[in-house]
Participant: 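One structure is given below, represented as structure tokens, and several questions about it will come after.
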Amino acid sequence: MEAVLKNLSSTVELLAVAANSGAANSGAVEQWDKHTMSRAFDWARYCEHVHSRFHNNPAIRRVMEQQLELTNRSLQDVIPGYTEVSFSDLPRLQHLLLIGLLNNPELPISLIKMLFDTRSPLDNMQSEYQDVTGLCSHIIRCKAACKVLSPLTDLSAAGAEVQGRMLMERLGALLSRGSDTRPAEHFLGCVLQGCQGAGRQFCLVITAALLTTKNSAAQTAPREFLLDWLQNKHSVLQSLCSALPATLLIDLAKEHNKFRDAYCDVLKKWASDMEYCISEGEWVQTSTNPTVSFHKLTEKFMALFEACPSLRANTEKELKALKISDGDFDVKGLSVWGDLLSALNM
Amino acid sequence: MSELQPLSQPQQTAEPLLNVQEMQFWLDKAVAWGQADSPDTQKDTCLHLNRLRDFLQQLLAHINNMSSTAETMKKLPLLGQFLGRLCWNPYVTAGDTCRRLLLQCLWGLYSEHPSNAVERKANQWIRKVLCQLATEEDDGVAQALMKHMGVPAKEYHVNVLKKMVSLLQENIGKSCCSLSDINRRCSCDSILATSDACVPLITCPEASPLIGALLQQPVTCVKEALSEHFLDALSSAYSSWNLSLEEQAVVSLWYHSLPSLEEAVLSLLESVTNTASTPQMLHQQVAQSLLPKACAQHCSMFLVANDIYRSVLKQAEGNESVRSLIQTFTRCFLRELALLQPQTSVSLKAFFPQSPQSLLVPLLTLPSEMPQESWRNHLNWLSGSLQRLTEEEEEGNGDSRSTRGHYKVFETWFLLVQCAHWVQAAVQLLVTSEPEDCGPLLWLLTFYHHPTNRWHHRALQLVRAREAWEHLRSVFLVSARPPIDRLQSLVTPLSSQPQQPSPAPLLTLSLLVNFAVFCQRPLSVSTEVLQMVVHHSGLVDEAACVLSSLELRLSEGSCLSNDRVHLRIKELHKTITHTH
């Protein structure tokens, strides 16, 4: 373990050397050659492995976090404007190394050429991970290819699917650490923040995450957790229900009972927020951002019942009860529940 | 930057290659492509990729010819802008060749030791562009997610690309035009669009499943579903080894694009005739080329390949390597055909429409598929039929200007070339033939090497061939120890400049080799004779080749493995090649 900690610390120091130019640096990047750079990436990859092996082990993780803290502090003293490397940064250490190097004006041009080397496609298939040559070329190629294909198939949808899958993996990893759900909640909070609130992209990611049908045994815990979290975060849930296309929502409802119920609750909430507007002769939402018309709301209910027939009976009972509490009149415009029931032919 | 200037600086390097107008044209293009993102712009970019590549090549040469970046920038002030714009165009950077050229242009502008502000600025700019290209993310949300989820950018982008590819693959699988449902709108347009969009992605390994799917989707619509542009780009990438495709995808590519099939056949021909290959290597080359397999699946491809072989043969009749190729190709093709349709009796007529139909099955049957005892009868029949066919045509058209007869003779001869295993069987039988039954066999052998009377003097060569055969008989079967002068008379017709019109050296040589292998004389005698003759006539390689193909033929078929024969062949081969 001591050796591992030492290696971790040295690699973080190496990263600092790679990213920073200036006289404070001995062993400066200027002197690096192909071999040195390749070895640096090897060490970064080593740290990535270390993270994947030990991140579920709280004791070891704590020790590593402490070591990193120490290293960070000592580097901060020596290098002005030093950016800390935390334990959660470890899985991306190669990428951080790359960013540091490319931003360093002292990196020899021969090494940059090596990173951007365009090898023949047949070579690419053989040595995917072990070779640093052509690393940047590969990234550029993938990004460009995605853009080229984006008119044909939705890039953001594909992105959301990949992100969703990764989200589930990460959630799974966090939840398997123990009974403490705080890290998982914190993670979701960060993701939410990173997406600048529950915007469309976030909703797509969550949906994709919930719809990933990979080996369900491993996915149950994160899925349940995510659904519970969603149910508790009303604003997010509402944004989801208004931002996403109806078909996706129905898919979600079909897959997950919890979501089905939550969705039904949102629809009922929307109904309860409505007031009858005499001039328009229709029920309208009173909130500041009206998201749905009465007609649309009816359609959504109908679609939901069609997809989940088991819901119909219970909801009908509820709606009837609500209508009764409103006076049980059969006149249009008096009770949103009554009008809803008649629109739904119940 | 070129540090070494050639002493005689060629004056014409830069100027004729690049003019300002061309630069302006491409810059305007780059600007237009960058501004709009409509389907038209995309199409325009893809259509211009080849020309752009050539232009970048010229540009690179130009840059390398300049002595410094400052000079380059002075001569072409728009260069930086142009290259910069191209860097951000995904259609340019997705393909390996364009990307490589673009980067090389940038390296060309980088100065190791900048001597002025322009050069320093250029250096900084180059580093900045490269850093941005590799590390910047346009999607802020994705970037934040990657950070929080601990996913490196490369892994993310690769996965997104793979996801997009698999989504598109699914779409292709679903959207097959079904002739039964006319009401469903033809989705060939979307496939066409997809194939067009894949043009810049041909060298991208992650996209190859999609390209394979495009090539292999069933052709159900009347309209051409794959864009010609796509097929051309694929074909040239494949033939210059820039691309790896699955077997069935290659077959589909050839099926969709006739030029690519022709290219493949011609390159096989070239590789076989340029490098001296043993019969075993030839067999491997042919099998690996996937052409026999493709031809077995699509009759039309077999016909195209044979047409090419016909025209090559007509130009180079005596070229034995071409004839061996044709024979090997046909054999591999027949094997693939048998694998493909083991139950149904394939209509050979479709594959050999121009060949004499009565001879098809008899010739296409391999000697190994027949008991050796029946070879002689079979060969006699074959020889007789062939003789009748050719002599009929030649006599029937007394008018010397008529070419129809010779067309038939040619087709007959071509079929024999394709089925040359029977010629080899005939040579083998000639060793054990008596003077009274060698006639048909000799005729067949002579016909193979000298098909016509008019231009190849078949009748005359038949006489000479018989003489050679008798001579060989006397050497190998009769005398105790061949005197030197008798051997010399064998050498003369084999050597490269024969005095008199004599049979093709290969005719005599194959007879010689077969006699050496199959005669009953002790191995030492055979070895001595063969070595002596071959050595003196300088035909060691050819003799070794004949031995190898004999070995191959005998070991392939289900012939009773005659150890004695194999041993003899091996010894003979060793002797003549080692003592050379």
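FYI, side chains are in, hydrogens and waters are out, and symmetry mates aren't considered; it's all heavy atoms of this structure. Here is the naming used below: chain letters follow the sequence lines, and residue numbers restart at 1 for every chain. Keep in mind that what you see is a predicted model, and the values were worked out from it rather than measured.
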Participant: Taking atom OG of Ser150(A) and atom CE of Met164(B), what is their separation to the nearest 0.5 Å?
Facilitator: 5.5 Å
Participant: Using a 4.5 angstrom heavy-atom cutoff, name the option from Leu107(A), Leu115(A), Leu171(A) with the most pairs to chain B.
Facilitator: Leu107(A)
Participant: Looking only at heavy atoms and a cut-off of under 4.5 Å, which of Ile139(A), Asp89(A), Leu90(A), Leu93(A) has the most pairs with chain B?
Facilitator: Ile139(A)
Participant: Among Lys143(A), Glu48(A), Glu161(A), single out the residue with the greatest number of heavy-atom pairs under 4.5 Å to chain B.
Facilitator: Lys143(A)
Participant: In terms of heavy-atom pairs under 4.5 Å with chain A, which of Gln132(B), Lys163(B), Gln143(B) leads?
Facilitator: Lys163(B)
Participant: Of the backbone (N, CA, C, O) and the side chain (C-beta and beyond), which part of Ile109(A) lies under 4.5 Å from a heavy atom of chain B, both, or neither?
Facilitator: both
Participant: List the atom of Ala145(A), the atom of Ala94(B), and the distance in Å for their closest heavy-atom pair.
Facilitator: N-CB, 4.2 Å
Participant: Could you tell me which portion of Leu96(A) (side chain, backbone, both or neither) has an atom closer than 4.5 angstrom to a non-hydrogen atom of chain B?
Facilitator: neither
Participant: Above 12 or not: heavy atoms from other molecules or residues under 6.0 Å from CD of Glu185(A)?
Facilitator: yes
Participant: If I take atom OG1 from residue Thr153(A) and atom CG from residue Leu168(B), how far apart are they, to the nearest 0.5 angstrom?
Facilitator: 5.0 Å
Participant: Taking atom NZ of Lys147(B) as the centre, report whether more than 12 heavy atoms of other residues, nucleotides or ligands fall under 6.0 Å from it.
Facilitator: no
Participant: Taking every non-hydrogen pair under 4.5 Å, which of Glu137(B), Met149(B), His157(B) racks up the most with chain A?
Facilitator: Met149(B)
Participant: At a 4.5 Å cut-off on heavy atoms, which part of Leu101(A) comes close to chain B: side chain, backbone, both, or neither?
Facilitator: neither
Participant: Does the side chain of Val162(A) reach to within under 4.5 Å of the side chain of Lys162(B), using non-hydrogen atoms?
Facilitator: no
Participant: Evaluate the criterion side-chain contact (heavy atoms from CB on, under 4.5 Å) for residue pair Glu155(B) and Arg92(A); output intermediate values, then yes/no.
Facilitator: CA-CA 10 Å; Glu155(B) 187 187 321; Arg92(A) 298 163 56 233; over 6 Å; no
Participant: Side chain, backbone, both or neither: which part of Leu103(B) has a non-hydrogen atom closer than 4.5 Å to chain A?
Facilitator: side chain
Participant: Could you tell me which portion of Leu106(B) (side chain, backbone, both or neither) has an atom closer than 4.5 angstrom to a non-hydrogen atom of chain A?
Facilitator: neither
Participant: Check each atom of Gln104(B) against the heavy atoms of chain A and say whether the ones under 4.5 Å are side chain, backbone, both or neither.
Facilitator: neither
Participant: So which heavy atom on Ala197(B) is nearest to which on Val148(A), and how close?
Facilitator: O-CG1, 3.4 Å
Participant: Which atom pair, heavy atoms only, marks the closest approach of Thr93(B) to Ala144(A)?
Facilitator: OG1-CB, 3.3 Å
Participant: How many angstroms lie between atom CG of Leu161(B) and atom CZ of Arg141(A), to the nearest 0.5 angstrom?
Facilitator: 8.5 Å
Participant: Give the minimum heavy-atom separation between Arg99(B) and Ile140(A), together with the two atoms involved.
Facilitator: CD-CG2, 4.2 Å
Participant: Give me the atom names and distance for the closest heavy-atom approach of His95(A) to Ala153(B).
Facilitator: CE1-CB, 3.2 Å
Participant: Which of the residues Cys131(B), Ala144(B), Gly95(B) is involved in the greatest number of heavy-atom pairs with chain A at under 4.5 angstrom?
Facilitator: Cys131(B)
Participant: Give, as side chain, backbone, both or neither, the part of Leu174(A) having an atom under 4.5 angstrom from any heavy atom of chain B.
Facilitator: neither
Participant: Phe116(A) versus chain B, heavy atoms under 4.5 Å apart: side chain, backbone, both or neither?
Facilitator: both
Participant: Identify which part of Lys128(B) has an atom lying under 4.5 Å from any heavy atom of chain A, answering side chain, backbone, both or neither.
Facilitator: neither
Participant: Could you tell me which non-hydrogen atom of Val158(B) sits nearest to which non-hydrogen atom of Cys142(A), and how far apart they are?
Facilitator: CG2-SG, 3.6 Å
Participant: Applying salt bridge (charged side-chain N to carboxylate O under 4.0 Å, His left out), can you list everything that pairs with Asp138(B), at least two apart in sequence or on another chain?
Facilitator: Lys147(A)
Participant: Counting only non-hydrogen atoms closer than 4.5 Å, does Ala207(B) touch chain A with its backbone (N, CA, C, O), its side chain (CB onward), both, or neither?
Facilitator: neither
Participant: Answer with side chain, backbone, both or neither: which region of Leu130(B) has an atom nearer than 4.5 Å to a non-hydrogen atom of chain A?
Facilitator: both
Participant: Is there side-chain contact between Pro152(B) and Gln94(A), with heavy atoms separated by less than 4.5 Å?
Facilitator: no
Participant: Between atom NE2 of His138(A) and atom NZ of Lys154(B), what is the distance when rounded to the nearest 0.5 Å?
Facilitator: 5.5 Å
Participant: Heavy atoms only, distances under 4.5 angstrom: which of Ile99(A), Asp154(A), Ile112(A) has the most pairs with chain B? Name it, please.
Facilitator: Ile112(A)
Participant: Look up atom NE2 in His148(B) and atom CG in Leu192(A), then write down how far apart they are to the nearest 0.5 Å.
Facilitator: 10.0 Å
Participant: Determine the option with the most heavy-atom pairs under 4.5 angstrom with chain B, choosing from Ser110(A), Pro151(A), Ser88(A).
Facilitator: Pro151(A)
Participant: Is there a donor-acceptor pair under 3.5 Å between the side chain of Arg170(A) and the backbone N or O of Val151(B)?
Facilitator: no
Participant: For the atom pair CG (Leu149(A)) and CD (Glu206(B)), what is the distance rounded to the nearest 0.5 Å?
Facilitator: 11.0 Å
Participant: With sequence neighbours left out, write down each residue that passes ring pair (Phe, Tyr, Trp, His ring centres under 6.0 Å) with Phe54(A), or none if nothing qualifies.
Facilitator: none
Participant: Quick check on Gln201(A) against chain B: is it the side chain, the backbone, both or neither that has a heavy atom closer than 4.5 Å?
Facilitator: side chain
Participant: Heavy-atom cut-off 4.5 Å, strictly under: side chain, backbone, both or neither for Leu145(B) against chain A?
Facilitator: side chain
Participant: Can you find a heavy atom in the side chain of Val160(B) that is under 4.5 Å from one in the side chain of Leu155(A)?
Facilitator: yes
